[in-house]
Amino acid sequence: MVDRDDAAAHRLLHALANRRSFALKDITSDPVDRGAIAQLLEAANWAPSHGKTEPWRFVVYSGAARQGLSDAFGAAFRTLNTAQPVGSAGELAQSQRVWQAPVWIALGMQPSQKMPEWEDLIAFGSAVQNMHLMASALGLASKWTSGAVVLHPSVATAVGFAPDTKLYGFFYVGHPAIAWPAGQRRPVAAKVRWVDDHADV
Ligand SMILES: Cc1cc2nc3c(=O)[nH]c(=O)nc-3n(C[C@H](O)[C@H](O)[C@H](O)COP(=O)(O)O)c2cc1C
C-alpha cells in the first residue's frame with residue numbers, strides 16, 4: 001500500500017501530459033548515452049500483461065549499425081514500389097531517415113499463444129508508452145513511427161525478430177532541436193459519460 005501523495009500525482013500528470021512526439025527534422029544528430037536507453041527499456045519492461053506474458057521485444061540500433069536499418073528500409077521501399085527505378089527519391093528518403101535520429105528501437109510483439117492476441121498487443125502498447133514517458137521525462141525527443149515501409153515483413157526479418165514476432169514500427173530517440181512542444185487534447189468530458197452522482201465533475 002502506497003500512501004496518497006498529491007505532489008507525486010501532480011508530477012505524474014505533468015509527465016503524462018508532457019510526453020511528446022517529435023518529427024525527425026526536430027531532432028539533433030547528437031548521440032544518446034546508453035544509460036538513458038537502458039532506462040527507457042527498463043520502463044518499458046514494467047508494463048502490465050495479462051498472464052505475465054511480457055510480449056514486448058526490442059532491438060536497439062545506434063551509430064554506424066543504423067546502416068543495416070537504412071538498407072532494410074530502402075529494400076522495403078523498392079519491394080513496395082516496383083514501378084520506381086532503383087535509387088529513386090522515395091527510396092533515398094526512406095534509407096536516409098535512420099541518420100536523422102541517433103537511436104532507433106525496433107518494436108516487436110511476440111504473441112504468447114497463452115492469452116488472446118489483443119491482450120498481448122495492448123500490453124505491448126503499454127510498454128511502448130512507458131518507454132515514451134521515460135524518454136520525455138529524460139528530456140529526449142522521440143516518436144513511435146509506423147507506415148508501410150518500416151512495417152514491411154522484410155524489415156522484421158532484417159532486424160532479426162523471431163518468425164512469430166510482429167513488427168509494429170520503430171521508436172526513434174534523440175535530443176530536441178526545438179523548444180519542447182505543447183500537447184493538445186480534446187476535452188476528456190466529451191469522451192466520458194458518468195452514470196452516478198458525480199455529474200458535477
Ligand atoms: C501506434 C502509433 C503509431 C504511430 N505512428 C506514427 C507515424 O507513423 N507517423 C507519425 O508522424 N506519428 C505517429 N505516431 C505518433 C502520433 O502522431 C502522436 O502520438 C500524436 O500526434 C499525438 O502527439 P503526442 O504523442 O505528442 O501527444 C504514432 C503513434 C502511435 C501510438
Side-chain angles (χ1 to χ4, degrees), residues 11-28 32 36 40-41 43-49 54-61 66 69-70 72-74 76-77 79-81 90-111 117-156 158-159 161 165-191:
R11 283 197 302 276
L12 177 58
L13 186 58
H14 185 265
L16 293 167
N18 280 286
R19 179 207 49 76
R20 205 78 302 122
S21 298
F22 282 71
L24 280 172
K25 68 176 177 51
D26 296 329
I27 293 183
T28 75
V32 175
L40 267 53
L41 297 167
N45 201 39
W46 279 102
S49 58
E54 302 179 21
W56 43 88
R57 302 289 180 269
F58 305 116
V59 182
V60 184
Y61 286 85
R66 286 172 292 169
L69 264 194
S70 171
F73 290 171
F77 180 89
T79 305
L80 289 166
N81 299 277
E91 178 190 336
L92 284 182
Q94 287 299 328
S95 56
Q96 293 302 311
R97 290 179 80 198
V98 299
W99 307 114
Q100 293 182 262
V103 177
W104 285 69
I105 303 175
L107 305 172
M109 196 282 280
Q110 186 166 39
E117 191 166 322
W118 70 268
E119 296 196 307
D120 283 338
L121 188 55
I122 286 172
F124 158 79
S126 305
V128 181
Q129 168 77 348
N130 281 3
M131 178 181 282
H132 201 160
L133 285 167
M134 182 57 82
S136 291
L138 291 170
L140 296 169
S142 61
K143 185 159 84 175
W144 186 341
T145 183
S146 49
V149 167
V150 304
L151 295 176
H152 196 270
S154 64
V155 177
V159 302
F161 278 144
T165 297
K166 299 189 179 180
L167 175 68
Y168 283 104
F170 286 79
F171 187 72
Y172 58 70
V173 190
H175 294 279
I178 57 168
W180 202 263
Q184 277 192 336
R185 289 295 185 272
R186 293 182 293 280
V188 70
K191 304 159 188 165

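Just so we're clear, the structure is a prediction, and the values are computed from it rather than from any experiment. Sequence positions, counted from 1, serve as the residue numbers for this chain. Whatever order the structure lists them in is the order used to number ligands and atoms, beginning at 1.
Nearest protein heavy-atom neighbour of atom 2 (C) of ligand 1: Trp144 CD2, 3.8 Å.
Phe73 and Phe170 have perpendicular rings, their planes meeting at more than 60° on a 0 to 90° scale where under 30° would count as parallel.
The shortest distance between side-chain heavy atoms of Pro102 and Val32 falls below 4.5 Å.
Less than 4.0 angstrom separates some heavy atom of Arg20 from each of these atoms of ligand 1: 24 (P), 26 (O), 27 (O). Below 4.0 Å from some heavy atom of Ser146 lie the following atoms of ligand 1, by number and element: 3 (C), 4 (C), 5 (N), 6 (C), 7 (C), 8 (O).
Closest to atom 25 (O) of ligand 1 by heavy atom, among Ala17, Ser21, Ala182, is Ser21. Which of His132, Gln184, Lys143 comes nearest to atom 12 (N) of ligand 1 through a heavy atom is settled by distance: it is Lys143.
At a distance under 4.0 Å, no protein heavy atom can be found next to atom 20 (C) of ligand 1.
Residue-level proximity to ligand 1 for Arg185 is carried by the side chain, the only part with a heavy atom below 4.0 angstrom.
Counting heavy atoms of neighbouring residues, nucleotides and ligands inside a 6.0 Å radius, atom NZ of Lys166 does not exceed 12 of them. Residue-environment remark: NZ (Lys25) stays at or below the threshold of 12 foreign heavy atoms within 6.0 Å.
Residues Phe124 and Trp56 keep their aromatic ring centres 6.0 Å or farther apart.
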Please step through side-chain contact (heavy atoms from CB on, under 4.5 Å) for the pair Phe171 and Ser142, ending with a clear verdict. CA-CA 7 Å; Phe171 187 72; Ser142 61; 3.1 Å; yes
